[in-house]
Amino acid sequence: MDASKQEQIESGNLKIEWAKNHMPVLEQIRKEFAAEKPLKGRRIAMALHVEAKTAVLVETLAIGGAQVAISGCNPLSTQDDVALALDCKDNISCCAKYDCSNAEYYEAIDKVLDIEPDITIDDGADLIFKLHKERRDLLPKIIGGCEETTTGIHRLMAMQKEGALEMAVLAVNDAQTKFMFDNRYGTGQSAWDGIMRTTNLLVAGKTVVVGGYGWCGRGIAMRAAGLGAEVVVTEINPVRALEARMDGYRVMPMANAAAIGDIFVTTTGNCDVISTEHFPKMKSGAILANAGHFNVEIDLDGLKKMSMGEKIVRKNIKEYTIGAAGGQKIKINVLADGRLVNLAAGDGHPAEVMDMSFANQALGVKYIAQNKLEHGVHKVPAEIDEWVASLKLKSMDIEIDRLTDKQRCYTDDWEAGT
Ligand SMILES: NC(=O)c1ccc[n+]([C@@H]2O[C@H](COP(=O)([O-])OP(=O)(O)OC[C@H]3O[C@@H](n4cnc5c(N)ncnc54)[C@H](O)[C@@H]3O)[C@@H](O)[C@H]2O)c1
Ligand SMILES: N[C@@H](CCSC[C@H]1O[C@@H](n2cnc3c(=O)[nH]cnc32)[C@H](O)[C@@H]1O)C(=O)O
């Protein structure tokens, strides 16, 4: 093996070790998996962000007895050193590569499916999509899959509605110990980490426009306010818009926000949240980032078409110049080609948060292996959620109260009044 490859593997292993040391819940699961081998003989095909925390999950599944093959779930989120380190480990193969083309991305998913999996793990449902469209011969062998993210579950629910989903899937995103922490505090921190390290600019004193006030949007807005920005929220859901206003932010349509924002962060799972109608209204120098889904939230095709020129002005920042009213020129800076800024221009979520998301994944896979599930989207059992929360609290040295017998009776009773 050449020296530079060896160096890469060492660098990947260091990252994995660091992450592992900050994922205590997964550590506990790994110990149990090592003793009990609940995944013995199972073949698992995964498409996830290939970086250090994911590697800890992959190792955990392999220690549990599974053969694991993994590809990426985003062309720009793979960390090549981690991918190489993973590929060297027992019972694991990894075929992910940073900055792959769309064709290479789907070829890698194909390769992963060649292990003829009985369990899948997806982040965005691309692997399940390929399975149902092009690798249908493999479907009868599949006993179930797990889905990591909100939009993946939306895609699967749409498949289920049309009667097109031919396997069982656990909605890992919808576990409370996933979305309440990963989507909110994880994205809240890592999106800003990605934006700040990429731009090296100040957030304080700026106007930040957050597109979408769901679990991710709440986190991104909260941290932007904490950094000293004025926060503006755009929404299409009246309840969420009201919540954003009562949380202290200004709420308005993107058509109005476009003119006042310095930094825009989309996180809706939807397409064209920022589109050709909005670009010409923007301040020159505006910064656009996406922390939602794929590369569709900012209409990049539209921006390219109206652009007079584009150039890379700093690593992971592309500047587009467009014409505006009065012959003015507006420069618009798009981070990480409009792909997830926290992963394509950062290291993703903090390890302590992925600890809970991936504990749900590992226990979800074990649940699938040990239970016969009907085709369709299933909830993660509440016991798994509570177990993950209890273990996380324990790892943080936090104790909580328990109901006394009197309290239990009181809460079950309907006769006691004022
Ligand atoms: N960057 C990450 O690491 C990360 C982490 C978790 C989830 N995600 C992704 O982020 C996206 C959001 O996830 P979530 O859990 O917050 O979902 P969510 O459903 O809780 O929130 C999405 C919000 O966007 C709003 N919305 C939809 N279309 C809109 C539009 N055109 N303009 C303004 N608002 C609009 C919805 O009303 C909703 O309130 C999903 O695609 C999810 O897969 C990314
Ligand atoms: N694959 C699609 C879908 C969004 S990924 C969003 C998911 O990434 C997950 N995620 C965020 N940070 C990390 C990380 O550091 N490692 C692995 N997964 C992560 C998180 O759980 C979230 O649900 C895309 O890339 O556009």
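Whatever order the structure lists them in is the order used to number ligands and atoms, beginning at 1.
- When only non-hydrogen protein atoms are considered, atom 43 (O) of ligand 1 lies nearest to Thr149 OG1, 2.7 Å.
- In this structure, Arg339 is not positioned above the aromatic face of Phe294 in the sense of NZ or CZ being under 6.0 Å from the six-membered ring centre and within 45° of the axis.
- For ligand 1, the atoms closer than 4.0 angstrom to any heavy atom of Asn237 are 37 (O).
- The shortest N or O to N or O distance between Cys73 and ligand 2 is under 3.5 Å.
- Looking at Thr149 against ligand 2, both its backbone and its side chain come within 4.0 Å, counting heavy atoms.
- Not a single heavy atom of Thr151 sits under 4.0 Å from any atom of ligand 2.
- Considering each of Arg155, His349, Met354, the one bringing a non-hydrogen atom nearest atom 19 (C) of ligand 2 is Met354.
- Which parts of ligand 1 touch Gly292 is read off a 4.0 Å heavy-atom cut-off, strictly below it: atoms 8 (N), 9 (C), 10 (O), 11 (C), 41 (O), 44 (C).
- The shortest N or O to N or O distance between Lys53 and ligand 2 is below 3.5 Å.
- Looking at Asp123, Asn290, Val50 and measuring to atom 7 (C) of ligand 2, the nearest heavy atom belongs to Asp123.
- Heavy-atom proximity to Asn183, at under 4.0 Å, picks out these atoms of ligand 1: 6 (C), 7 (C), 15 (O).
- In this structure, Thr276 and Met306 have side chains that are in contact, with non-hydrogen atoms separated by less than 4.5 Å.
- In this structure, Leu48 has no heavy atom closer than 4.0 Å to ligand 2.
- Below 4.0 Å from some heavy atom of Asn342 lie the following atoms of ligand 1, by number and element: 1 (N), 2 (C), 3 (O).
- The part of Phe358 lying near ligand 2 is the side chain, judged by heavy-atom distances below 4.0 Å.
- In the vicinity of Ala291, heavy-atom distances shorter than 4.0 Å reach the ligand 1 atoms 1 (N), 2 (C), 4 (C), 10 (O), 44 (C).
- By the 3.5 Å distance cut-off applied to N or O atoms, Asn74 is counted among the residues near ligand 2.
- Contact annotation: Lys178 has at least one heavy atom less than 4.0 Å from an atom of ligand 2.
- Between the side chains of Thr54 and His49, no donor N or O sits under 3.5 Å from an acceptor N or O.
- Using a non-hydrogen distance threshold of 4.0 Å, Asn173 does not register as a contact of ligand 2.
- Annotation: atom 41 (O) of ligand 1 to nearest protein heavy atom, Thr151 OG1, 2.4 Å.
- Among all non-hydrogen protein atoms, the one lying nearest atom 39 (O) of ligand 1 is Glu235 OE2, 2.5 Å.
- Residue contacts with ligand 1, taken as heavy atom pairs separated by less than 4.0 Å, involve Thr267 via backbone and side-chain atoms alike.
- Between Asn295 and Asn290 the shortest side-chain heavy-atom distance does not fall below 4.5 Å.
- Across the listed options Glu243, Glu297, Arg240, His49, Arg240 owns the non-hydrogen atom lying nearest to atom 19 (O) of ligand 1.
- For His349, every heavy-atom contact with ligand 1 shorter than 4.0 Å involves the side chain, none the backbone.
- Looking at Asn342 next to ligand 2, no N or O pair under 3.5 Å apart turns up.
- To the nearest 0.5 Å, atoms SG (Cys94) and CE (Met46) are separated by 10.0 Å.
- Counting heavy atoms from C-beta on, the side chains of Ile220 and Arg184 never come closer than 4.5 Å.
- The heavy-atom pair separating Asn13 from Lys89 by the smallest distance is OD1-NZ, 2.9 Å.
- The protein heavy atom nearest to atom 26 (O) of ligand 2 is Phe294 N, 2.6 Å.
- Looking only at heavy atoms of the protein, atom 16 (N) of ligand 2 is closest to Glu51 OE2, 2.8 Å.
- Residue-level proximity to ligand 1 for Thr187 is carried by the side chain, the only part with a heavy atom below 4.0 angstrom.
- Contact annotation: Asp347 has at least one heavy atom less than 4.0 Å from an atom of ligand 2.
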